[in-house]
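Residue numbers count from 1 along this sequence.
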Amino acid sequence: MANILRALCCLILIATFISCSDEKDGADPSNPSSVTVSGTLPVMYIETEGHRPVVSKDEYLDAYYRLDPMGAEGVEPLGTEEEPLAMEIRGRGHSSWKGPKKPYKIKLGKKTPIMGMPANKHWALLKPSENTVAGLQLGKIMGMAWSPSFRPVEVVLNGDYIGLYFLTETIRIDENRVNIYEQKDGETSLELIKGGWLVEVDNYSDDCQITIPENSQWSLTLRYHSPEELSGAQKRWLTDEFKAINQAIYSSDKTSTEWEEYIDVESMARFFILQEVMDNPDGFHGSFYLHKDIGPGSKWIAGPVWDLVCYNREKTDCTFRMTVHYGFIPHWIGEIIQYDSFCRKVEAVWREVYPARLAEIYSFIDETVLPLEEAWKHDCERWKDDPKQTASLRAERLKTALRRNIEWFDGHLPVSAQALDGE
């Protein structure tokens, strides 16, 4: 009898483990094929070898794909059911990876243009958000050096409809993306080390990082995306470079122009305005990218933008000073906003984009989000999300928040203490 009970307990544990694993991997154990494509968007079909589930964010699985335009105007098909195209797929994201619906990183077998976006091997399948729609388009409106493009698609993975996704250009050095010189991994030439960098101010631990003390209370962590493997000389240069930048930014003399020798002020002003318009509390503590080309006079450029949210709240201050439900540390901006040169550049850029160019975002939201009504409905059904969160509701909520943020910022442009003393 005891042996039977032990056996039953083992079976229950195994069943529980399988159920939890299925849920973690984003599968619907009850009936994964109960929801099908809406028929209103192009569909990307992906089959992993052996139908292996995608459970790792580090290791790619070999796979095949095809893109069915489903009648979408101007969209070229890629591959066929009989002859799909080679690709690899893995998971991606931090907190987003923990949800039942997973985001993915995909690497195509060869550089391919997709749905009007320039050819590349590297793409992301992101969970859809109206915030992404606004944030990435605002990057273009604000005149950032480069901002990722995206296209809505529905995805079927190993025969299972997994819903609506945004097929998105990933941030990397490339002639069609961050178009700068790319230095080699393990470079030792002191001249070549000075340019060709793509880094991210990060708030997660990672192997490819350096950390320096920002002030007496917290540190600044930088993840280096390119190059990926640093020589000792590269690591020393990057560490010394950001220590020098940090020291210049934290100068007690806010009339100093030393920090401008390192950072392009206009790009930082455009980046700052975008964070304020979005009311994005993550703007200066995570997904905060900077890049630097090579050559005389090259400086660190703020951007590209990525992973933007828009808080639907009454704006009462600059975003980096407002509280959110999670703790965060805004890096640098509290010091930079005290410099008169920065405040003047913010005002100049604002006069360039407000009101006419910023007003373009409202029609873009409607043109992009409203056609997703049916696909979002199928996605909500697939993942048991709130069906009342319709595309039209999402669009109106976002436009309302943006209008409020834009009008608040227009009446509260930053002014330095130096400028106030001169009045």
Side-chain angles (χ1 to χ4, degrees), residues 56-62 86-93 105-114 117-124 144-149 168-202 204-212 220-246 248 261-264 267-268 271 286-307:
S56 172
K57 296 192 296 178
D58 301 312
E59 296 181 9
Y60 279 102
L61 294 181
D62 290 332
M87 70 176 298
E88 296 174 83
I89 184 170
R90 64 171 172 82
R92 68 165 311 281
K105 175 78 170 61
I106 60 177
K107 182 165 67 173
L108 309 184
K110 64 177 183 179
K111 284 189 173 184
T112 305
I114 303 182
M117 294 183 287
N120 208 285
K121 283 186 177 182
H122 300 271
W123 307 83
M144 305 292 289
W146 174 79
S147 295
S149 296
T168 309
E169 294 181 299
T170 54
I171 296 176
R172 56 190 304 106
I173 297 177
D174 183 89
E175 63 180 352
N176 292 319
R177 296 188 182 177
V178 180
N179 189 13
I180 61 173
Y181 167 78
E182 184 172 19
Q183 67 174 284
K184 299 175 183 176
D185 287 349
E187 182 64 74
T188 57
S189 167
L190 294 181
E191 287 305 310
L192 294 179
I193 284 172
K194 295 178 181 179
W197 289 95
L198 175 62
V199 302
E200 175 191 2
V201 176
D202 207 354
Y204 289 93
S205 296
D206 195 276
D207 293 333
C208 303
Q209 290 177 335
I210 63 164
T211 300
I212 64 170
L220 176 74
T221 297
L222 283 161
R223 180 179 179 183
Y224 43 90
H225 289 271
S226 187
E228 295 180 354
E229 297 179 9
L230 303 191
S231 65
Q234 285 172 315
K235 192 166 188 176
R236 284 192 297 274
W237 184 89
L238 187 64
T239 302
D240 291 344
E241 174 81 349
F242 274 87
K243 282 183 177 179
I245 293 171
N246 193 71
E261 297 174 12
Y262 296 96
I263 292 178
D264 180 85
S267 71
M268 190 65 76
F271 186 88
S287 299
F288 174 16
Y289 283 85
L290 298 147
H291 60 278
K292 185 178 187 291
D293 207 348
I294 201 167
S298 62
K299 298 181 181 182
W300 289 94
I301 306 293
V305 293
W306 187 258
D307 196 21

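Between atom CD of residue Glu169 and atom CH2 of residue Trp146 there is a gap of 5.0 Å, rounded to the nearest 0.5 Å. Atom-to-atom distance recorded for Arg92:CZ and Ile106:CD1 is 11.5 Å, nearest 0.5 angstrom. The distance from atom CG of Leu222 to atom SG of Cys208, rounded to the nearest 0.5 Å, is 12.5 Å. Lys194 contributes atom NZ, which lies 13.0 Å from atom OH of Tyr181 (distance to the nearest 0.5 angstrom). Remark: Arg236 CZ to Leu190 CG distance equals 8.5 Å, nearest 0.5 Å. The distance from the CG atom of Leu108 to the CD atom of Glu88 is 10.0 Å, given to the nearest 0.5 Å.
Of all heavy-atom pairs spanning Phe271 and Ala302, the tightest one is CB-CB, 3.8 Å. Considering every non-hydrogen atom in both Tyr224 and Val199, the closest pair reads CA-CG1, 4.1 Å. In plain terms, the two heavy atoms of Ala233 and Ile193 that are nearest each other are CB-CD1, 3.6 Å. The minimum heavy-atom distance linking Ser147 with Val305 is given by the pair OG-CG2, 4.1 Å. When all heavy atoms are compared, the tightest approach of Glu182 to Ser226 is OE2-OG, 2.7 Å. The shortest heavy-atom contact between Glu241 and Tyr262 is OE2-CD2, 3.8 Å.
Scanning for side chain to side chain donor-acceptor pair (under 3.5 Å) contacts around Asp293 gives an empty result, with sequence neighbours left out. Legend: residues meeting side chain to side chain contact (heavy atoms under 4.5 Å, CB included) with Asp185, ordered by chain and number and at least two apart, are Pro227, Glu228, Glu229.
Between Ile180 and Ile301, every side-chain heavy-atom pair lies at or beyond the 4.5 Å cut-off. Within the 4.5 Å cutoff, the side chain of Ile294 has no heavy atoms near those of the Gln183 side chain. At a threshold of 4.5 Å between non-hydrogen side-chain atoms, the residues His291 and Pro304 count as touching. Contact annotation: the side chain of Lys107 approaches that of His122 to within less than 4.5 Å [non-hydrogen atoms, C-beta and beyond]. Residues Ser267 and Met144 have side chains not in contact (no heavy-atom distance under 4.5 Å, counting atoms from C-beta outward).
Checked against the 6.0 Å centroid threshold, Trp300 and Phe242 count as a close aromatic pair.
With hydrogens and angles ignored, the 3.5 Å screen pairs no side-chain donor or acceptor of Thr221 with any backbone N or O of Thr211. Formation of a donor-acceptor pair under 3.5 Å by the Glu200 side chain with backbone atoms of Asp202 is not found in this model. Judged by distance alone, the side chain of Gln234 and the main-chain N or O of Gly186 form a donor-acceptor pair under 3.5 Å.
Heavy-atom contacts from other residues, nucleotides or ligands closer than 6.0 Å to NZ of Lys299 number more than 12. Residue Lys243 places its NZ atom among 12 or fewer non-hydrogen atoms of other residues, nucleotides or ligands, all under 6.0 Å distant.
Relative to the six-membered ring of Trp123, Arg177 meets both conditions, a distance below 6.0 Å and an angle of at most 45° to the axis.
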Could you walk me through whether Ile171 and His225 pass the side chain to side chain contact (heavy atoms under 4.5 Å, CB included) check?
CA-CA 9 Å; Ile171 296 176; His225 289 271; over 6 Å; no

